[in-house]
Amino acid sequence: MQSFPMHIGGAAHEPLGKDWFETEDPFLGEAWAQVARGNADDVDAAVTAAHTAFTSGPWPEMTATQRGALMRTLGDAVADHAAELAETEVRDNGKLWVEMFGQLSYLPQWFHYYGGLADKLDGSVLPLDKKGFFAYTRREPVGVTAIITPWNSPLLLLAWKLAPALAAGCTVVIKPSEFTSVSTLQLVTVLEEAGLPPGVVNVVTGFGAEVGSALVTHPLVRKISFTGSDVTGRRINELAAPLLKHVSLELGGKSPNIVFEDADLESAVNGVVSGIFAATGQTCLAGSRLLVQETVHDDVVRRVVELAGTAKMGNPREETTQVGPIATRPQLAKVLEYIDIAQHEGAHPVLGGGRADRPECGDGWFVEPTIFTGVDNSMRIAQEEVFGPVLAVIPFEDEDDAVRIANDSRFGLGAGVWTSDIGRAFRMSERIQSGTVWVNTYRAVSFMAPFGGVKDSGLGRENGAEAIEAYLETKTVWVNTGAPSGNPFVMR
Ligand code: NAD
């Protein structure tokens with residue numbers, strides 16, 4: 001079995017505690033590699049390497065223009081290795097090859113886009129209200145940044161953080177999910193082979209409570225950028241707050257996909273199925289609540305069940321497969337538990353409702369695409385994130401009712417609105433409490449479009465030009481150009 005050590009200061013780093021853990025293939029249901037189990041000492045080595053690279057050596061010597069040019073080269077290198085990186089992702093999280101290769105082929109755009117921004121981080125000259133002074137601002141990197149990522153789209157979600165962090169001039173320690181560590185280790189090797197100086201990006205692997213917490217609380221870490229569950233996000237915020245570290249959190253969701261009677265129903269049904277069954281529902285932006293107007297409820301449910309029922313399950317490496325396995329054993333147990341909970345709450349399963357035992361699923365961790373009708377928005381199946389292929393259908397009466405149900409959630413990540421009424425589209429987009437609203441589409445993301453959540457879905461935004469702000473500090477410089485020294489005991 002292959003072994004993957006950590007990556008610190010430009011070199012492979014064996015775990016100081018000499019401990020390893022296995023990483024598994026969700027389709028085969030068996031271990032395929034072992035990964036270094038880091039501890040607080042490994043974290044210290046990684047943060048020290050990142051701090052050294054931040055304060056001395058080639059990285060702080062580079063101009064922003066040189067950094068931007070390097071980032072474009074890094075993006076090209078990732079494009080050259082997209083297939084092998086996608087293969088590792090499929091192996092570790094069981095998502096479809098077509099999905100992961102698509103993500104890896106798109107990912108270089110983050111390096112290109114933020115590379116372009118690197119030398120456009122202007123400060124400003126301040127039009128001061130005081131005579132005899134000149135003052136200006138500088139945009140400076142915040143410092144050593146900890147990036148903590150989940151297992152569902154490990155490299156894409158990493159790029160959302162890594163590209164702006166590097167463009168800003170930060171150095172980084174990444175802690176990937178313990179379920180999907182290998183692709184991150186491979187990515188960093190690709191970046192260094194393409195010219196990224198050693199120590200600028202380091203990877204520590206292992207478990208959240210051991211490695212993640214040590215990273216979050218390390219005194220030399222200035223910024224933490226996290227994607228994962230709201231439970232962990234809250235914990236990280238608690239750890240970081242007394243230490244006054246910057247924190248951004250991209251957390252979970254229970255996003256409503258809202259279908260009005262005036263929608264193009266064929267297109268809406270496609271969007272609903274894609275919103276919850278693509279990626280086996282294992283995306284933060286899953287449209288896991290279908291809010292459908294009462295007048296078209298039965299028609300829409302019939303069509304969604306019909307389309308989802310044709311989904312081809314099986315080997316995620318085959319291009320014709322549409323629904324792959326659940327990525328991890330604990331996640332499989334969690335999805336099945338929520339199916340039980342929904343049944344106990346009185347929801348009616350109209351499709352699926354358990355583990356898939358189709359021959360093409362082999363020993364993989366598969367769950368049938370599952371749809372519950374008769375759901376009330378107060379039920380746990382409507383309020384809690386399942387993170388799997390489970391759709392809760394909730395009828396609504398009119399626009400006000402749809403808004404009330406959509407916003408009756410502690411989450412606020414995304415929402416879909418399906419309507420042919422342009423006024424309604426604008427009204428709904430304004431009234432829904434979420435970081436993104438998709439009108440007559442679902443699940444579209446871009447390096448240019450800010451993404452993030454309100455309420456329990458997180459703090460801060462990724463993507464788009466504003467995302468780089470999260471990795472910058474503003475410094476104000478005052479220069480005395482001839483102001484007379486006044487009373488030293490009175491503020492100027
Ligand atoms: P998770 O919270 O269990 O783990 C995420 C990461 O945090 C892992 O690397 C884990 O090791 C680490 N971690 C765990 N405990 C920690 C601690 N005490 N200190 C520091 N790090 C710790 O999440 P997951 O199960 O890997 O991912 C699924 C979750 O991620 C879902 O809730 C999903 O909605 C969310 N997610 C959000 C987005 C988004 O952009 N909003 C995107 C993808 C996934």
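Sequential numbering from 1 along the given sequence is applied to the chain's residues. Whatever order the structure lists ligands and atoms in, that order sets their numbers, starting from 1.
- Listed by first and then second residue, the salt bridge (charged side-chain N to carboxylate O under 4.0 Å, His left out) pairs that reach into residues 434-455 are Glu99-Arg443, sequence neighbours excluded.
- Under 4.0 Å is where a charged nitrogen must lie from a carboxylate oxygen, and between Arg37 and Glu210 at least one such pair does.
- Using a cut-off of 4.0 Å between Lys/Arg side-chain N and Asp/Glu carboxylate O, Glu238 and Arg235 are scored as salt-bridged.
- Phe387 meets the ring-ring contact (aromatic ring centres under 6.0 Å, His included) test with Trp151; sequence neighbours excluded.
- A distance of 10.0 Å separates OG1 in Thr328 from CG in Asn93, rounded to the nearest 0.5 Å.
- By the ring-ring contact (aromatic ring centres under 6.0 Å, His included) test, Tyr442 pairs with Trp438, sequence neighbours left out.
- Within 4.0 Å of ligand 1, protein heavy atoms belong to Ile148, Thr149, Pro150, Trp151, Asn152, Leu157, Lys175, Pro176, Ser177, Glu178, Gly208, Gly212, Ser213, Phe226, Thr227, Gly228, Ser229, Thr232, Arg235, Ile236, Glu250, Leu251, Gly252, Cys284, Glu385, Phe387, Leu413, Phe451, listed by chain and number.
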